[in-house]
Amino acid sequence: MMWEGCGVYGVRVKRGDALPYLYWGLLAQNHRGHQSYGFAVYNSGIKVFRELGLIPPILHLGSKPGIGELSGRVGIGNVRYATSGACDEASLRRDAMPIHISHGGNSIAISLNGNIVNVKSLREEFGNAGSDAHIICRMLLYGIQEEGSLEEGIRRCMERMEGSFSIIGLTGEGTLFAFKDPYGFKPLCYGRGGDADAFSSESVGLDINGMERMGEIQPGELLMVNGSSLSREQLIPCRRRAFCAFEFAYFARPDSIFDDRYVYEVRRDFGVNLASRYSETASRCDMVISLPETANDAAYGFHEESGLPWEMATRRHRYVTQRAFIMGAEDRKNIIYRKVNILKSRIAGKRIAVVDDSIVRGDTTRSAVKRLREAGAKEIHLFITFPRIVGPCFYGVDMATYGELIGARMTPEEIAEELGADSVNYQPIEDYVRATGMKMEDLCLGCVTGEYPTPTANMLAREMRERILRGEKEQGRIYELLD
Ligand code: SF4
């Protein structure tokens, strides 16, 4: 499993306070980041509250010092997992979003989902303190001051950054804005409900506030909410669409909508594809099960297509909420033990089709296979909805090196042996893309094809492979070391 960047939210209400909308909109998206959360609200100036961990129940939040000051009609918020910057507690506190800075009488706050690939050179220019969001925030504020307008400042910023960025921001004058990189890597939609306009990473953040999804922000587009008016402008041309294909398999909630389809429907089709593509292996099995929650919908599709009974032989400990891949390495090793319980007598002596969303490092899958063996499974065949991951991600999913990716080092047969399974059956890329309903050329598939949509990412990938061939050890996130 691996890690994703963040969930973002922004809202302007006609009456009352923005904070309850921010709270519920982000709570619905807490799966996108567990390390910290935060809100920034405008009311004659920007006030910010940021804290580590999951968003707490509303009663607990209400008693936290500082939260009572966040009264105002417009605000932004964030739930974060670190894909840039360090992960010690002090760094996580410093990098929690929204980031807010003031300079020369102006101020701005931003909430980012994404990752900047050419971050090293931007750091040299804008200072080295903290995560990508600190640099972007500074770039934006200086850009706005020098260009004399919010739009021109954002345009300049968009032109200089390479990578994925879906950003919601708030100016010191109370203007709410949202924009997306010219490739559209990360989701960001907007919606309206009687009294409010909102931006959200996923549509579930609109649903929970009773709002209607109006559409997706387009690559290179800027939307601004000023007073009661909403404006949109194509600030820079879309270079090519490159929506992160992995959103469909893992990150998003099944009840979110991308490109007019529920993620649930896409995942169900993944399962249908796997059962049909590997019908011979499926026919060897007595039952199908899913391990993590994200694979439930695919397991259902697999069951429908194969006719195998879908056994609910694995159950989640409901209050163990961490997603294995949004965790540190040591915790990740044990999380599957703590998160999932197995109904042993339903497994004993059976040949089992296990549907899973992805294999990144292989550690959680290895633990799961071990537990099924201990429960007496006779055969274990893994059906993986996301195609084999053969390269790192430079756009905000924390799988930064070739060495950590089991799929970059081994064939499916070797992976099966390494994990203790009888077979590993990946969904082919063409089947995966077909199920999403999107065109191949509109998706980023860099980590499964090795071909990245942006030039610096391709250069970094090539450099990493050459260093490995020279026998050099990988040093973590290469985009933080060179560009
Ligand atoms: S490289 Fe993979 S995980 Fe990263 S943005 Fe592209 S598809 Fe998503």
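Residues: numbered from 1 along the sequence shown. Every number for a ligand or one of its atoms is a count from 1 in the order of the listing.
Within ligand 1, the atoms closer than 4.0 Å to a non-hydrogen atom of Val397 are 3 (S), numbered from 1 in the order shown. Shown in contact with Cys393 at under 4.0 Å from a heavy atom are these atoms of ligand 1, numbered in order with element: 1 (S), 3 (S), 4 (Fe), 5 (S). Each of the atoms 1 (S), 2 (Fe), 3 (S), 7 (S) of ligand 1 lies under 4.0 Å from some heavy atom of Cys447. Within the listing of ligand 1, atoms 5 (S) sit less than 4.0 angstrom from a heavy atom of Tyr395. Ligand-side atoms of ligand 1 in range of Ala245: 7 (S), range being under 4.0 angstrom from any heavy atom.
Within the 2.8 Å limit, Cys244 places no N, O or S atom next to atom 2 (Fe) of ligand 1. Note on Cys444: not counted as a metal contact of atom 4 (Fe) of ligand 1, no N/O/S atom lying under 2.8 Å.
A salt bridge links Asp255 with Arg253: the distance from a Lys NZ or Arg NE/NH1/NH2 to an Asp or Glu carboxylate oxygen falls below 4.0 Å.
Nearest approach of Gly391 to Met399, heavy atoms of both residues: O-CE, 4.5 Å.
For the pairing with Phe243, the ring-ring contact (aromatic ring centres under 6.0 Å, His included) check across Tyr395, Phe251, Phe185, Phe258 returns one residue only, Phe258.
Note: Phe165 and Phe179 have perpendicular aromatic rings, judged against thresholds of 30 and 60 degrees for the angle between ring planes.
Applying the ring pair (Phe, Tyr, Trp, His ring centres under 6.0 Å) test to Phe270 and every residue at least two apart in sequence or in another chain returns Tyr432.
No donor-acceptor contact under 3.5 angstrom links the side chains of Ser36 and Glu51, judged on distance only.
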